[in-house]
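Numbered from 1 within each chain, the chains take letters A, B, ... in sequence-line order.
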Amino acid sequence: MSLEGRAVVIRQDDVDTDVLYPGAYLNVTDVAQMTQHLFEGLDPSLRDQLGGDTALVVGANFGAGSSREHVPQAMAASGIRFLVGRSFARIFYRNCINLGLPVVMSPEAVEAASPGSTISLDLEAGIVTVDGRPFRINPVPAFLRELFVAGGLVPWLRARLDRSATVVEIGGSEE
Amino acid sequence: MPHTLAEKILLAHTDEDEVAPGDIVMVRCDVVMTNDISGPMAFRAMEQMGATKVFDPAKVVVVPDHFVPAKDTRSAELQKLLRDWSAAQGVAYYEQGRGGIEHTVLVEEGWVVPGSVIAGGDSHTCTYGALGAFGTGLGSTDIAACLASGTFWQAVPGTILVEFTGEKGRFVTGKDLILAVIAEIGVAGGTNMALEFVGDGAEALSIDERLAVANMAVEAGSETGFFPADATVAAYLDGRTERPWTAERSDPDADFAATVRIDLDALPPLVALPHSPGNVVPLAEAVGRKVDQVYIGNCSNGTMTDLRQAAEMLRGRKIHPRVRAIIVPASQRVYREALAEGLLDLFVEAGAMVSTPTCGACFGGSGGVLAPGENAITTTNRNFRGRMGSSEAGVHLANAWVAAAAAVAGEIVDPAEIAGAT
Ligand code: SF4
């Protein structure tokens with residue numbers, strides 16, 4: 001699975017989900033409407049930089065705080081195809097994976113990227129390339145790759161519930 | 001093989017024979033909780049998974065608490081959806097006026113027992129660690145999977161042992177203990193970790209104070225945080241629940257990722273300055289900062305213990321003329337108990353505004369959001385930029401003594417000064 005995108009860069013560390021999507025809009029359930037409030041507490045002008053092929057490059061502990069899934073849902077709907085960061089906060093990281101939005105860690109790649117850089121991600125090879133320079137990403141566990149390939153937790157689980165499995169197993173019957 | 005408490009709990013909830021930190025396992029939930037924010041999105045994802053019924057209606061609990069009471073039609077629609085869905089699925093539902101803030105409700109109503117696994121559609125689900133449960137906060141798609149299958153995926157966390165020793169001072173509370181931990185390890189220091197709170201200082205804490213400590217484990221980036229169950233927990237659960245449980249703790253020779261020691265004898269009240277729960281200073285360094293609003297409430301510090309502390313500061317005194325004080329009991333039970341004790345009357349007499357239980361302004365929803373340029377001191381758990389309203393406002397996190405003292409003084413002050421001033 002190989003993806004390519006143009007970099008939009010948020011360099012600060014510890015960016016929380018409250019600034020990424022303020023609490024006042026948590027009663028929005030329409031994803032198109034959510035995209036109108038993405039980055040609102042951080043820098044709303046970042047929204048204008050998002051295209052259909054964005055690679056979001058971020059600092060350390062990105063997505064700290066609230067479990068609000070509005071953030072990665074709005075990101076995916078705004079054309080962010082994957083994220084490369086120094087590190088991610090736990091629930092945000094889970095939410096991205098569950099939505100089939102690849103999130104990988106490579107501090108070196110973050111260092112090398114600047115706004116507009118061309119970034120490509122090869123999950124199988126474990127490589128992210130920034131303007132032609134390859135960097136190794138932190139290993140992604142097999143199960144998380146399985147989720148990315150399935151397109152997220154919804155299709156992954158639907159396939160298992162379809163087979164009316166009573167016990168959900170990682171790897172399922174493919175193994 | 002020796003195990004940490006986190007490993008023991010997860011082992012008991014998977015089909016694996018052995019677990020080690022970093023392993024990804026499917027974990028069975030004893031309870032799945034959701035609210036008016038994560039619920040509607042989770043129900044949609046559950047439908048997309050092709051599931052029409054929850055895995056076990058007896059293990060699902062729904063608590064509307066965020067935009068409660070409904071502040072606009074959109075919020076009302078979400079709450080209606082929640083109510084209708086809960087009725088159709090036959091799951092427990094705590095209607096407004098009969099519940100309160102989700103985490104307080106689940107603890108009070110006996111849903112939480114030691115050693116259980118609770119998946120909640122809210123990051124502060126780690127609060128259940130106060131009773132020795134593995135409570136973990138998840139997003140809506142994860143919650144959908146829990147509702148549909150009763151399981152979620154989880155990387156087995158390492159454990160940071162947090163040892164509280166000694167005796168805390170009069171105006172030091174659970175809030176200060178966890179702020180000290182966050183100051184020590186940082187807002188990402190608990191990433192991929194569970195925090196386990198031990199030591200004589202931990203054992204001496206009441207359930208209310210343990211709730212405050214466990215609640216903010218997520219503010220250190222942790223997967224969860226818990227106290228091993230003891231006699232205090234057993235006494236609290238007596239008559240409250242019929243769920244079976246056993247007290248477990250980490251094996252002494254288990255492999256801990258790190259140990260953090262906090263000496264309570266030397267710990268002053270602490271304040272987290274804007275705009276991070278990790279921006280912690282001793283109270284003395286925050287003294288003199290003017291405040292416009294004081295907010296006492298939330299799932300960490302809206303308990304009877306907190307309200308009694310606030311009442312001691314406000315008894316026979318007045319809220320500073322320049323200040324608004326908003327007091328929000330965390331649940332209907334707390335509300336009624338405070339009413340019976342005369343605390344609510346005392347607060348109103350002092351010039352405070354008393355709200356019914358709600359998340360309200362804690363997350364900037366409604367009922368006390370801040371204007372640009374304003375400063376607040378609150379007993380809540382997050383002071384991120386814009387968390388409580390304007391991104392040009394500043395929020396200070398502190399315990400209820402310190403927050404209530406500031407309400408009287410109009411600025412951050414040592415509660416000892418207010419107590420001594422009569
Ligand atoms: S009181 Fe605040 S922190 Fe607690 S659940 Fe409600 S919004 Fe979240």
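- For a residue to count as touching a neighbouring chain, one of its non-hydrogen atoms must lie under 4.5 Å from one of that chain's; by this rule A:I91 touches chain B with the side chain only.
- Contacts between B:A144 and chain A at a heavy-atom distance below 4.5 Å are absent for every atom of the residue.
- Neither the backbone nor the side chain of A:E40 comes within contact range of chain B, judged by heavy atoms closer than 4.5 Å.
- For A:F88, the part lying near chain B is the backbone, with the side chain staying farther off; criterion is any non-hydrogen pair under 4.5 Å.
- Contacts between A:P22 and chain B at a heavy-atom distance below 4.5 Å are absent for every atom of the residue.
- Two residues are said to be in side-chain contact when any heavy atoms from C-beta on lie closer than 4.5 Å; B:E223 and B:N192 meet this criterion.
- Taking the six-membered ring for Trp, B:F67 and B:F363 have ring centres closer than 6.0 Å.
- For B:R28, no part sits under 4.5 Å from any heavy atom of chain A, backbone or side chain.
- Residues B:H103 and B:Y128 bring a donor and an acceptor atom of their side chains to less than 3.5 Å of each other.
- For the residue pair A:S45 / A:D48, no side-chain donor-acceptor distance below 3.5 Å is found, with atom types taken as modelled.
- Interface residue B:L138: backbone and side-chain heavy atoms are both found under 4.5 Å from chain A.
- If you measure heavy-atom distances from A:L99 to chain B, the contacts under 4.5 Å come from the side chain alone.
- With chain A as the partner, the residue from B:S140, B:A155, B:G364 showing the most heavy-atom pairs under 4.5 Å is B:S140.
- Of the charged side-chain nitrogens involved, at least one lies within less than 4.0 Å of a carboxylate oxygen, so that A:R94 and B:D142 count as a salt-bridged pair.
- Taking the ring centroids of B:H275 and B:F384, they lie at or beyond the 6.0 Å cut-off.
- A side-chain donor from one of B:N215 and B:N381 sits under 3.5 Å from a side-chain acceptor of the other.
- Comment: A:D16 does not engage B:R385 in a salt bridge, judged by the lack of any side-chain N to carboxylate O separation of less than 4.0 angstrom.
- Top candidate by heavy-atom pairs under 4.5 Å with chain B, chosen from A:I97, A:N95, A:N61, is A:N61.
- Counting heavy-atom pairs closer than 4.5 Å to chain A, the top residue among B:T125, B:V218, B:T136 is B:T136.
- Residue B:K53 places its NZ atom among more than 12 non-hydrogen atoms of other residues, nucleotides or ligands, all under 6.0 Å distant.
- Enclosure of atom CD in B:E47 is not indicated, since only 12 or fewer non-hydrogen atoms of other residues, nucleotides or ligands lie within 6.0 angstrom.
- For a residue to count as touching a neighbouring chain, one of its non-hydrogen atoms must lie under 4.5 Å from one of that chain's; by this rule A:N98 touches chain B with backbone and side chain alike.
- With A:W156 as the aromatic partner, A:R160 meets the cation-pi criteria of under 6.0 angstrom to the ring centre and within 45 degrees of the ring axis.
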Going through the checks in order, is the side chain to side chain contact (heavy atoms under 4.5 Å, CB included) test met by B:H66 and B:D122? CA-CA 11 Å; B:H66 275 64; B:D122 185 275; 3.5 Å; yes
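- Looking at B:E392, there are no atoms closer than 4.5 Å to chain A (heavy atoms on both sides), in backbone or side chain.
- In this structure, no portion of A:V71 lies under 4.5 Å from any heavy atom of chain B.
- Contacts with chain A were tallied for B:A45, B:G137, B:G221, B:S391; B:G137 has the most, counting heavy-atom pairs under 4.5 Å.
- In terms of heavy-atom pairs under 4.5 angstrom with chain B, the leader among A:A89, A:S87, A:G65 is A:G65.
- Of the listed residues (A:Q73, A:H70, A:E69, A:R68), the greatest number of heavy-atom pairs within a distance under 4.5 Å of chain B belongs to A:E69.
- Between chain B and the options A:N27, A:V19, A:D14, heavy-atom pairs under 4.5 Å are most frequent for A:N27.
- With a 4.5 angstrom heavy-atom cutoff, A:A24 touches chain B via backbone and side-chain atoms both.
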